[in-house]
Amino acid sequence: KKIPFNYAEPDDASIKNSVIQAGYSDRELLFFYGLRQIPQFIRQGINDERTIKLRLLRYLEHAGTRRLKVEQPLMSLEEFEKIFFTKLSRKVDYLRVDTELVSPRVDHRPEWSNRMSYQVGEARERHIAKMIEERVNEFQHVLIVYGSGHLVKERVALQKAFGGVKNFKLY
């Protein structure tokens, strides 16, 4: 039906540029990308440290070389653990890294990883808002499909801009 479709997620280069402008390094972002994978590994049923470490190394290589394209793309476990200790003031316990550690909390004494998560989230939200603005200015009708995590952050801005937000639930 010749209906244009746009994916609103920013690419990794945009996120990288945003966090670097906020004062973080590309190594810190690579570390954070790896850190936030650990709870995912655990959710997938990986419950031994050795396998988590192997998967983490593979993920860090992929993220460093292909996704973030950092200057020195390879990160060893020793470097990962050193950054963890430096930023979070304790040794990493791979089996106890949970989503709270990588959530975008900034209240109640957030940890370094929570602040980094917030920064990455802000970069994503700014990009999404820009994409919506461009589409609304270009087309008469725009359908925005949101995940609940994004909508919570954007709802007030959308209500102010458009006079209301409709929720649709098809299931």
* Beyond-backbone contact of R36 with V120, side-chain heavy atoms, under 4.5 angstrom -> yes
* **Heavy-atom check, side chain of I20 versus side chain of S25, under 4.5 Å** => no
* **Verify same cluster id: I52, L88 (apolar side-chain graph, 4.5 Å)** => yes
* Quick one: does M75's side chain get under 4.5 Å of V70's, heavy atoms only? -> no
* More than 12 heavy atoms from other groups under 6.0 Å of CD on E9 -> yes
* Could you tell me which non-hydrogen atom of A123 sits nearest to which non-hydrogen atom of P10, and how far apart they are? => O-CG, 4.4 Å
* List the atom of I42, the atom of L95, and the distance in Å for their closest heavy-atom pair. => CD1-O, 3.9 Å
* Would you check if Y33 and D12 make a side-chain contact, meaning some heavy-atom pair closer than 4.5 Å? => yes
* Atom CD of Q44 with >12 non-hydrogen neighbours under 6.0 angstrom -> yes
* Asked: Ignoring hydrogens and geometry, is there a side-chain-to-backbone donor-acceptor pair from D98 to L101 under 3.5 Å?
  -> yes
* Asked: Tell me, do H127 and R124 make a side-chain contact under 4.5 Å, heavy atoms counted?
  -> no
* Asked: Out of curiosity, R67 CZ to L29 CG, how far, rounded to the nearest 0.5 Å?
  -> 9.0 Å
* **All side-chain contact (heavy atoms from CB on, under 4.5 Å) counterparts of E122, not counting sequence neighbours** => Y118, R126
* **Cluster link I15 to I128, ILVMFWY, side chain under 4.5 Å** => no
* Structure fact -> Separation between CD1 (I38) and CD (Q40), nearest 0.5 Å, reads 12.0 Å
* May I ask you to test the L68-D26 pair for a side-chain heavy-atom distance under 4.5 Å? => no
* Could you pull out the closest heavy-atom pair between E81 and V92, with the gap in Å? => CG-CG1, 3.6 Å
* **Donor-acceptor pair, side chain of S117 and main chain of V102, under 3.5 angstrom** => yes
* Decide whether S14 and D11 meet the rule of one side-chain donor and one side-chain acceptor closer than 3.5 Å. => yes
* Structure fact -> One should read off an interatomic distance between S113 OG and R105 CZ, to the nearest 0.5 angstrom, of 8.0 Å
* Within residues 70-110 or reaching into it, pairs that qualify as ring pair (Phe, Tyr, Trp, His ring centres under 6.0 Å) - sequence neighbours excluded -> F31-F80
* With sequence neighbours excluded, what pairs up with T99 under the side-chain contact (heavy atoms from CB on, under 4.5 Å) test? -> P39, R43
* Please check if L54 and F41 belong to a single hydrophobic cluster, counting links between Ile, Leu, Val, Met, Phe, Trp and Tyr side chain heavy atoms closer than 4.5 Å. => no
* Report yes or no: do L74 and L60 belong to one cluster of Ile/Leu/Val/Met/Phe/Trp/Tyr joined by side chain heavy-atom distances under 4.5 Å? => no
* Over all atoms of both residues, closest heavy-atom pair of S103 and E100 -> OG-O, 3.1 Å
* Asked: How long is the span from the NZ atom in K82 to the NZ atom in K91, to the nearest 0.5 Å?
  -> 15.0 Å
* Contact summary for P73 and T65, nearest pair of heavy atoms -> CB-CG2, 3.4 Å
* Structure fact -> Hits for salt bridge (charged side-chain N to carboxylate O under 4.0 Å, His left out) against E61, two or more places apart or cross-chain, chain-then-number order -> none
* What residues, two or more places apart in sequence or in another chain, satisfy side-chain contact (heavy atoms from CB on, under 4.5 Å) together with R66? -> H62
* Hey, are E111 and R90 close enough for a salt bridge, meaning a charged N less than 4.0 Å from a carboxylate O? -> yes
* **Shortest non-hydrogen contact between G34 and L56, atoms and distance** => O-CD1, 3.5 Å
* side-chain contact (heavy atoms from CB on, under 4.5 Å) involving A22 - partner list, sequence neighbours excluded -> Y24, Q119
* ILVMFWY network linking V97 to L30, side-chain heavy atoms under 4.5 angstrom -> yes
* If you measure from CD1 on I83 to CZ on F32, what distance do you get to the nearest 0.5 Å? -> 13.0 Å
